[in-house]
Amino acid sequence: MGQPESRVEKQNELPPGQRLQRGWPVTHYGPVPKFRPERWEFRVFGATADGEKHCWTHEEFGALPYATVLADLHCVTKFSVLGAEWGGVPARAVLELAPPAPDVTHVMVWAEYGFSSNLRISDFTAEQTMFATHRDGELLTAEHGFPLRLVVPHLYAWKGPKWVRGIEYMTADRRGFWEERGYHNIGDPWREQRYSYQEEPGDGPEL
């Protein structure tokens, strides 16, 4: 459940094909959603250990254990932001509060407008995977995912959606939004897993 071995010795290095980016460009698909705190809810559902759905209001989620990690962000469009400090709720904290069933193999991360991204459970439980609310000590802006975005530093940034609203535990893999549109099912930047035509047997769900 620790950080993937390929990532430990590569902090602050550029993966193949990436370029160092000064600043933090805004990249996303579709409009920026309007945040309504009274309607906001974070849900954990699907194959939970107790068979129940777990929910937190915005205030309740903000009261969960807060942590920080230093981690890079690698965009599939080939820019990388190195050494950012991300603050928020570690994915492992959510897993402890709402455990998955023993046969869960993947997680679907759900965001505003029905956007989704699938992750292997091993990627979701990695030490640096975090539901981020802050970057470098400041609240995320709406354009960068406020109030909540997932950060999965060892994968391309699209695997960590902005404006996250919940996670679904799954007992079989299923492609998310960009994965259905030709992006690689795993998205490891160190192996340049950008597009689905690069997938090898076992990288994605069977058709």
Side-chain angles (χ1 to χ4, degrees), residues 1 26 28-69 71 73 84-102 104-155 157-171 173-179 187:
M1 300 233 314
V26 174
H28 58 260
Y29 176 83
V32 176
K34 182 175 177 59
F35 173 55
R36 296 179 174 85
E38 70 281 1
R39 299 182 184 178
W40 194 92
E41 180 183 68
F42 184 90
R43 299 179 300 146
V44 177
F45 62 101
T48 58
D50 60 7
E52 301 292 330
K53 180 174 73 172
H54 300 259
C55 301
W56 290 265
T57 65
H58 182 248
E59 183 177 359
E60 290 168 341
F61 196 87
L64 295 181
Y66 184 91
T68 61
V69 296
L73 183 146
E85 181 188 87
W86 303 96
V89 179
R92 289 182 176 184
V94 175
L95 283 161
E96 291 175 1
L97 293 168
V104 166
T105 59
H106 292 78
V107 167
M108 187 70 78
V109 184
W110 289 98
E112 297 284 1
Y113 303 132
F115 184 86
S116 61
S117 182
N118 60 317
L119 292 168
R120 298 172 297 187
I121 192 69
S122 58
D123 293 317
F124 187 70
T125 59
E127 184 177 357
Q128 290 192 317
T129 300
M130 171 174 287
F131 291 101
T133 57
H134 292 70
R135 179 180 180 267
D136 294 337
E138 297 184 359
L139 274 175
L140 296 173
T141 63
E143 291 78 12
H144 282 302
F146 178 83
L148 195 68
R149 73 177 291 160
L150 186 66
V151 175
V152 190
H154 64 281
L155 300 180
W158 94 78
K159 300 299 285 190
K162 301 178 183 180
W163 312 301
V164 173
R165 296 296 301 273
I167 57 171
E168 175 188 359
Y169 293 143
M170 305 189 297
T171 57
D173 196 7
R174 191 170 79 243
R175 293 181 187 270
F177 180 89
W178 286 117
E179 294 78 15

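FYI, the numbering just counts along the sequence from 1. Scope of the values below: all heavy atoms of this structure, side chains included, with no hydrogens, waters or symmetry mates. Worth saying up front: this structure is predicted, and the values here are computed from it rather than measured.
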Pair Tyr169 and Phe45, ring centroids less than 6.0 Å apart: no
Side chains of Trp86 and Gln128, donor plus acceptor under 3.5 Å: no
Close side-chain approach of Leu139 to Phe146, heavy-atom, < 4.5 Å: yes
Geometric class of the Phe177/Phe115 ring pair [parallel <30°, tilted 30-60°, perpendicular >60°]: tilted
Exceeds 12 heavy-atom contacts within 6.0 angstrom, atom CD of Glu38: yes
Minimum-distance pair of heavy atoms, taken over all atoms of Tyr113 and Pro31: CE1-O, 3.4 Å
Minimum heavy-atom distance Ala47-Thr171, with the two atoms named: CB-CG2, 4.0 Å
Test side-chain contact (heavy atoms from CB on, under 4.5 Å) applied to Phe124 and Val152, step by step: CA-CA 8 Å; Phe124 187 70; Val152 190; over 6 Å; no
Side-chain heavy atoms of Trp56 within contact of Leu97, under 4.5 Å: yes
Distance in Å, Trp40 CH2 paired with Thr57 OG1, rounded so as to fall on 0.5 Å steps: 8.0 Å
Distance, nearest 0.5 Å, that separates CH2 of Trp163 from CG of Leu148: 12.5 Å
Salt-bridge present (Arg165, Glu41; N to O < 4.0 Å): no
Between CG on residue Asp173 and CD1 on residue Ile121, distance to nearest 0.5 Å: 11.5 Å
Residue pair Pro90 / Pro65: nearest heavy atoms and the distance that separates them: CD-O, 3.6 Å
Residue pair Pro33 / Glu112: nearest heavy atoms and the distance that separates them: CG-CG, 3.8 Å
Sub-4.5 Å side-chain heavy-atom contact between Val69 and Val151: no
Side-chain touch Leu64/Phe131, heavy atoms, less than 4.5 angstrom: no
For the student: nearest non-hydrogen atoms of Val107 and Met170, plus distance: C-CE, 3.9 Å
From CG (Leu95) to OG1 (Thr129), nearest 0.5 Å: 9.5 Å
Flag side-chain contact, heavy atom, 4.5 Å: Val94 against Phe61: yes
N/O donor-acceptor pair under 3.5 Å between Asn118 side chain and Met108 backbone: no
Glu138 side, atom CD; Thr133 side, atom OG1 - distance, nearest 0.5 Å: 12.5 Å
Identified side chain to side chain donor-acceptor pair (under 3.5 Å) partner of Arg174 from the options Glu179, Glu168, His106: Glu168
Nearest heavy atoms of Asp123 and His154, plus distance in Å: OD1-NE2, 2.8 Å
Rounded distance [0.5 Å steps], NE2 in His134 versus OG1 in Thr68: 11.0 Å
Backbone of His54 reached by a side-chain donor or acceptor of Arg43 within 3.5 Å: no
Lys159 side chain vs Gly187 backbone, donor-acceptor pair below 3.5 Å: no
Working for side-chain contact (heavy atoms from CB on, under 4.5 Å), residues Arg149 and Leu140: CA-CA 9 Å; Arg149 73 177 291 160; Leu140 296 173; 3.6 Å; yes
